[in-house]
Protein chains: 2
Amino acid sequence: MNKKISIKKIAELSGVSVATVSRVINNNGRFSEETRKKVLKVIRENNYQTNNVAKSLRMHKSYTVGILVPDITNPFFSNTVQIIEKNLFEKGYSTIICNTARSRDKELEYVKILESKIVDGLIVISGFKTFDRKNLPDDLPVICIDRSPADSTIAFVGSDHYEGAVMATEFLLAETENLAIVKHDEQSSSGSERVRGFEETLFKEKVEKFGSLIVSNGSQNDQQKQIKKFLQDEMNGSKQPLGVFALSDTLAANILLVAHDLSIKVPKQLKIMGFDDSPIASYCSPQLTTIRQNEILLAKEASGKLIKLMNGENLARDEIVKKIPVQLIVRGTT
Amino acid sequence: MNKKISIKKIAELSGVSVATVSRVINNNGRFSEETRKKVLKVIRENNYQTNNVAKSLRMHKSYTVGILVPDITNPFFSNTVQIIEKNLFEKGYSTIICNTARSRDKELEYVKILESKIVDGLIVISGFKTFDRKNLPDDLPVICIDRSPADSTIAFVGSDHYEGAVMATEFLLAETENLAIVKHDEQSSSGSERVRGFEETLFKEKVEKFGSLIVSNGSQNDQQKQIKKFLQDEMNGSKQPLGVFALSDTLAANILLVAHDLSIKVPKQLKIMGFDDSPIASYCSPQLTTIRQNEILLAKEASGKLIKLMNGENLARDEIVKKIPVQLIVRGTT
DNA sequence: CTGAAAGCGCTTACAG
DNA sequence: CTGAAAGCGCTTACAG
């Protein structure tokens, strides 16, 4: 294929003005059936493609949206992004996915880039506790996913992490009162909600004591060492089985691996509850009991709202914040 | 933050022409230190941001590259993409990631979109056996990853799947001569290479018989059923342990799960070799022995070459095709 | 139904 | 050192 051809060239070749060509392309304004055919023929023959850069400049509309993702290799994120991308594509938007690597600087940098490329809208996925839109033009449609925006006027869609944790905890409590929670080092806003769900449920059920471990970031091996020490302490001398609520499936899977190592029987002596239903959950043995997030619904809400905003509509008051229900998936570890 | 401000406004506010403002911004052409300070001050005060759409239009350069990915939720792809994105970002390019969902139509559609957004270059990751660049302008820099281009002039970077399969097969052969291969339904070009590595090694070592299973796409459950039947047949009455070369870690993990189910001892009676070293490999128990692809090197080669091409340099003849070495990771299943 | 012209926000020869 | 003007490829009031 040769170099790009412009509307001007098409106009020349079909013996009409550029204005007319533009009208034909966009099927807008009036022109005779005859010119339409003629122009379309020339366009086809020359494999003309609209230059969207020029069009964006003129129209102040790019049909592009940006997505900020903290870590695209995280299955929950990549899944959600993939579905959002699909939804937006169907509506004629293409998606610029930006990996912020959980870095404030990169996040800011990418916001700048996206802005200067004049995206029509922005979807921001968690990474820090809050997202500050003060760097953004006031009129840019923005949807936050899984991260509470600092500004309460920004639309927000997220799983009901609190409710998920309540379900998880009650399920564990039905089997044993000897509970523990295992968390990651740094807490996202969703992580805090999960912790809150756990603790408030215990409080409500009048369980006063529970174990707690914070696993600091590091290699899988490091993490397992910390878990090993914890399990050895916790399992020691207790009559009741131990029920562990892990704040992610990754943690849950590691706990399971350590349990095998220590010859602790799962789920007989140790019950493990994960969170996310990530791919590894199904490849553990036994498979992990966990809380599944509904990425499809999440993505649908987020892209639907963004499109609404980009079409110039406003969100009703009760649409600003949307909690997506989660689901308890009972498998082998409980 | 308020609406966008243009170079024209900045010119007005600083009492110079737009030409001068442009020169100051790009530090290009000559201007007095005094005007520089003045203009920069106004820019800062007004939070001016270049409109890259306009700049692209004028410069025929967008500092944007497109990546076509068949499935962003596949860890190998998302990892590779993430690293490429990082490399390009450091060179001032932002990346548009397009999920083609292994659909020819979507692939074509996205190529069009990317083209019309005037990307400076394109990275194409496997999905079909070959990629045809006839729809692309002749002068657009393109790098293929993991998929042989139909046109042998396109630069290509991929893991040495053949060599990986040879290593895997020889390793298994050292333990047992009773081998089998388990493949996916649809073969990518990399898959075919893996098969070839397996078969040629067996031929070389004069092993004439081996088992073979093609697992058709479906739910995890479906796949496990097919594997179950296969294992029951293969394990029946054989004295030697069975060594299975699975064409992906996903397959390997499912085989392992079925083995547990059938109370087959791994690695005593059954040895399993995966491919990719995907995240699930480390969460199986025992952990999977597998062949690791070097995503970092892969990404480095791909982004490096693309940048070279985008800078107008040519690739030396021996740079067109680059095979990246893979590594045998011995863990618990062999 | 059709065209000439302005303008989106930039950069860059050209002239001074 | 600085400015006026052209032009990147489009769309759209305006005039006819």
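Naming: A, B, ... by sequence-line order, numbering from 1 per chain.
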Worksheet item: What nucleotide, of dG9(C), dC10(D), dT11(C), holds the atom closest to the side chain of H60(A)?
Response: dG9(C)

Worksheet, complete the sentence: The residue, F31(A) or N52(B), whose nearest nucleotide of DNA chain C is more 5′ is F31(A)

Item to complete: May I ask you to evaluate whether T35(B) reaches the phosphate of dT2(D), defined as a side-chain N or O under 4.0 Å from OP1 or OP2?
Response: yes

Discussion item. Under a plain distance cut-off of 3.5 Å, with no hydrogens placed, do S192(B) and S189(B) share a side-chain donor-acceptor pair?
Written reply: no

Worksheet item: Across the strands shown, which category fits T50(A) at heavy-atom distances under 4.0 angstrom: base, sugar-phosphate, nothing?
Response: sugar-phosphate

Worksheet item: Salt-bridged, K41(B) to E45(B), with N to O below 4.0 Å?
Response: yes

Discussion item. From C-beta outward on R58(B), which listed nucleotide comes closest to its side chain: dT11(D), dT2(D), dC8(D)?
Written reply: dC8(D)

Worksheet entry | Nearest-Å distance for atom pair CD1/P, residues I7(B) and dT12(C) | 11 Å

Practice prompt. Using a cut-off of strictly less than 4.0 Å, decide whether N28(B) has a side-chain nitrogen or oxygen near OP1 or OP2 of dT11(C).
Written response: no

Discussion item. Given the ring of Y110(B), does K106(B) sit roughly above its face, with NZ or CZ under 6.0 Å from the centre of the six-membered ring and within 45° of the axis?
Written reply: no

Worksheet item: Quantified in whole Å, what is the C1' atom distance between nucleotide dG16(C) and nucleotide dT12(C)?
Response: 16 Å

Worksheet item: How long is the line joining CG of N27(B) and P of dT11(C), in whole Å?
Response: 13 Å

Worksheet item: Are N51(B) and dC8(C) close enough that a side-chain N or O sits under 4.0 Å from OP1 or OP2?
Response: no

Worksheet entry | Options dA5(C), dT2(D), dT11(C), nucleotide nearest the side-chain atoms of A19(A) | dA5(C)

Worksheet item: Please give, in whole Å, the distance from dT11(D) C1' to L57(A) CG?
Response: 11 Å

Worksheet item: Any Lys/Arg nitrogen of E186(A) or R102(A) sitting under 4.0 Å from an Asp/Glu carboxylate oxygen of the other?
Response: no

Worksheet item: Atom CD1 of I25(B) and atom P of dT11(C): how far apart are they, to the nearest Å?
Response: 6 Å

Fill in: Nucleotide nearest A54(A) when distance is taken to its side chain, options dC10(C), dC1(D), dG9(D)
dG9(D)

Discussion item. Checking contacts here: which listed nucleotide (dG9(C), dT2(C), dC10(C)) is nearest the side-chain heavy atoms of S32(A)?
Written reply: dT2(C)

Worksheet, complete the sentence: Whole-Å distance, I5(A) CD1 to dC10(D) C1', equals 15 Å

Response to the item:
Judged by nearest nucleotide, the residue sitting upstream toward the 5' end of DNA chain D, Y48(A) or V18(B), is V18(B)

Practice prompt. Inspect the contact between E115(B) and K112(B) and indicate whether a charged nitrogen and a carboxylate oxygen are less than 4.0 angstrom apart.
Written response: no

Worksheet item: Any side-chain donor-acceptor pair under 3.5 Å between N52(A) and T50(A)?
Response: no

Worksheet item: Using a cut-off of less than 4.0 Å, is there contact between a side-chain N or O of S6(B) and OP1 or OP2 of dG9(C)?
Response: no

Practice prompt. Among the candidates dT2(C), dG3(D), dT11(C), find the nucleotide nearest to the side-chain atoms of T20(B).
Written response: dG3(D)

Worksheet item: Taking OP1 and OP2 of dT11(C), is either one under 4.0 Å from a side-chain nitrogen or oxygen of K55(B)?
Response: yes

Discussion item. Counting the atoms with a prime plus P, OP1 and OP2 as sugar-phosphate, which does V16(A) contact under 4.0 Å by heavy atoms, base, sugar-phosphate, or nothing?
Written reply: sugar-phosphate

Practice prompt. Tell me the partner of dA13(D), counting only Watson-Crick (N1-N3 plus N6-O4 or O6-N4) or G-U wobble (N1-O2 and O6-N3) with both under 3.5 Å; none if nothing fits.
Written response: none

Discussion item. Can you identify which nucleotide, out of dT2(C), dG9(D), dT12(D), has its nearest atom closest to the S22(A) side chain?
Written reply: dT12(D)

Worksheet item: Does N26(A) place a side-chain N or O at less than 4.0 Å from the phosphate oxygens OP1/OP2 of dT11(D)?
Response: yes

Worksheet item: Expressed in angstrom and rounded to an integer, what is the separation of R23(A) atom CZ from dT11(D) atom P?
Response: 11 Å

Fill in: E12(A) CD to dG9(D) P, straight-line distance once rounded to whole Å
12 Å

Practice prompt. Mind calculating the distance between CE (M59(B)) and P (dG7(D)) to the nearest angstrom?
Written response: 18 Å

Discussion item. Can you tell me the base-pairing partner of dA4(C)? Count Watson-Crick or G-U wobble geometry only, both distances below 3.5 Å, and say none if there is no partner.
Written reply: none

Worksheet item: Near E90(A) CD, under 6.0 Å, is it more than 12 heavy atoms from other residues, nucleotides or ligands?
Response: yes

